[in-house]
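Note sheet for the following structure.
Start at 1 and go down the list; that is how both ligands and their atoms are numbered.
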Amino acid sequence: MERTPFGTAPGGQPVEVYTLTNKRGIEARVTNYGGIILGLRVPDRDGRFDDVVLGYDALADYLVETPYFGALIGRYGNRIARGRFTLDGQPYTLATNNGVNHLHGGLEGFDKVVWTAEPFENEQGMGLVLTYVSPDGEEGYPGTLSAKVTYTLTGDDALVFDYHATTDKATPVNLTQHSYFNLAGDGKGDILGHVVTLNADRFVPIDPTSIPLGGLRDVTGTPFDFRRPTPIGARIRQDDEQLRNGQGYDHSFVLNQERAGALSLAAHVLEPTTGRVMEIHTTEPGMQFYSGNFLDGTLKGKKGAVYHHRFGFAMETQHLPDSPNQPDFPSTILRPGEHYHSRSVYRFSVSGR
Ligand code: BGC
């Protein structure tokens, strides 16, 4: 595995890039700063490789401003309302960084810390073990959380994410990966033509600040019904209260699982012009499908790419938003003695004409 310097983090730690490859020529470039996936080259139906994730060329750009391009998110993916929750009778206040709400772990979430990286190779492929110990009280969270996340690029063209954590006090944990994809190629246009299928009968309706209203909603008869393959853009401009509240798709889909925690199909995405396909399986109960609504052409990405409105989408496998305040949602509380483990598999292939 190739390992190259990528600069120095604000805390002075050296930052590196690790290049994972497989025998088919797929290449993932990962840095130990924020566990960010910097690039991912996969073939199209004619064997042409292109980078299919958004991001920057230089570490400095990630330090200045990033909408979580490629990043590993923790302690809590998505929002916790007003940055507050009560656990075992004790109120906690988290950093707020999205209006009045807490988003993606706060001001310095797991996307902005330097992880210890250990490369490995095994019979499945090659990868990196990323570890980070989050101190008690970091961003307002209780307990020392030891996180270990494994990224594996397999011989059969999948990126596998295994998330592990343990704690010494009860704390919410909801780790995820925030890559923005454009299967036509980074910077090559908007993602509205991507044909998406989601294995979800229900989604989480939100208020205009993207906080769950409470309860789940059936997708039937709504623009959120992706149970049959549908282009992202087919209904995104419909006059629908939920699309208005998310400014497009920015919702958690509740995945149909045979049983809680079973690795199950979450999503299938086809980019018709290149034939590139991404299929996602996860043990998580939900997936945030975000259609890049807040990209607005101000961010300049890799090789001069300009990220206009909806030039990338994210599919973040995780628990449901604001679970610490939503007693009916599956629990995100990890307790001492328990072991958090979550797995998500993003497999790349092509489909013919
Ligand atoms: C959230 C969006 C947010 C984006 C970038 C997504 O996971 O759902 O609301 O704008 O991340 O921060």
Side-chain angles (χ1 to χ4, degrees), residues 34-37 53-56 61-83 94-112 139 161 163 172 174-182 190-191 196 198 200 203-213 224 232 236 242-255 266-267 280 282 284-299 301 307-323 326 329 332 342 344 346:
I36 294 171
I37 298 177
V53 294
L54 280 60
Y56 296 120
D61 294 317
Y62 285 99
L63 302 180
V64 175
E65 189 191 1
T66 168
Y68 303 92
F69 286 145
L72 206 174
I73 306 290
R75 293 190 192 186
Y76 199 95
N78 210 272
R79 292 173 179 81
I80 296 178
R82 301 188 160 269
L94 304 174
T96 49
N97 58 328
N98 186 244
V100 296
N101 299 319
H102 175 88
L103 174 68
H104 296 333
L107 296 166
E108 278 195 29
F110 288 5
D111 60 298
K112 295 183 184 66
E139 301 293 317
F161 303 103
Y163 304 88
N174 188 28
L175 307 180
T176 191
Q177 228 292 331
H178 205 305
S179 285
Y180 285 65
F181 297 96
N182 185 334
D190 68 49
I191 47 75
V196 165
L198 301 180
F203 73 104
V204 178
I206 53 172
D207 74 10
T209 69
S210 295
I211 295 298
L213 296 174
F224 294 81
I232 295 175
I236 201 167
Q242 281 303 310
L243 286 174
R244 277 198 300 279
N245 288 354
Q247 300 187 41
Y249 296 106
D250 190 1
H251 294 77
S252 178
F253 285 76
V254 182
L255 302 171
I280 305 174
T282 185
E284 285 296 301
M287 190 184 77
Q288 185 80 14
F289 169 38
Y290 170 54
S291 53
N293 312 314
F294 301 117
L295 299 175
D296 60 4
T298 52
L299 301 178
Y307 297 134
H308 296 287
H309 197 214
R310 300 186 175 140
F311 264 41
F313 66 93
M315 288 190 168
E316 308 150 57
T317 51
Q318 58 192 285
H319 271 54
L320 310 187
D322 197 34
S323 297
Q326 303 280 344
F329 289 179
T332 51
S342 157
S344 294
Y346 290 59

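At a heavy-atom cutoff of 4.0 Å, ligand 1 is contacted by the side chain of Arg79 but not by its backbone. Using a 4.0 Å cut-off between heavy atoms, Phe69 makes no contact with ligand 1 at all. The residue Asn293 has no part lying near ligand 1, judged by heavy-atom distances below 4.0 Å.
Taking the ring-ring contact (aromatic ring centres under 6.0 Å, His included) definition, one finds that Phe161 meets it with Tyr151, Tyr346, sequence neighbours left out.
With respect to atom 6 (C) of ligand 1, the closest heavy atom belonging to the protein is His178 NE2, 3.4 Å. For atom 12 (O) of ligand 1, the closest heavy atom belonging to the protein is Tyr68 CD1, 3.2 Å.
The N/O atoms of Ser210, backbone and side chain alike, include none that comes under 3.5 Å of an N/O atom in ligand 1.
If you look at Tyr307 and Phe69, their ring centroids are closer than 6.0 Å. Under the 6.0 Å cut-off for aromatic ring centres, Phe329 and His319 do not qualify, their centroids lying 6.0 Å or more apart.
Close approach of ligand 1 to Glu316 is summarised as follows: ligand atoms under 4.0 Å from at least one heavy atom of the residue are 6 (C), 7 (O). Ligand-side atoms of ligand 1 in range of Phe294: 9 (O), 10 (O), range being under 4.0 angstrom from any heavy atom. For ligand 1 and Asn78, the ligand atoms under 4.0 Å from any heavy atom of the residue are 8 (O). Atoms of ligand 1 found under 4.0 Å from any heavy atom of Gln288, numbered from 1 in the order shown, are 8 (O). Contact atoms of ligand 1 toward Asp250: 1 (C), 2 (C), 8 (O), 9 (O) (distance under 4.0 Å to a heavy atom of the residue). If you number the atoms of ligand 1 from 1 as listed, the ones under 4.0 Å from a heavy atom of Tyr180 come out as 5 (C).
Side-chain atoms of Tyr68 do not come within 3.5 Å of backbone N or O of Gln177 as any donor-acceptor pair.
In this structure the side chain of Leu320 reaches within 4.5 angstrom of the side chain of Val254, judged on heavy atoms.
Classification of the Phe289-Tyr249 ring pair by plane angle, with boundaries at 30° and 60°, yields parallel.
The CG atom of Asn182 lies 8.0 Å from the CG atom of Asp190; values are rounded to the nearest 0.5 Å. In this structure, the separation between CG on Leu94 and CG on Leu107 is 10.5 Å, given to the nearest 0.5 Å.
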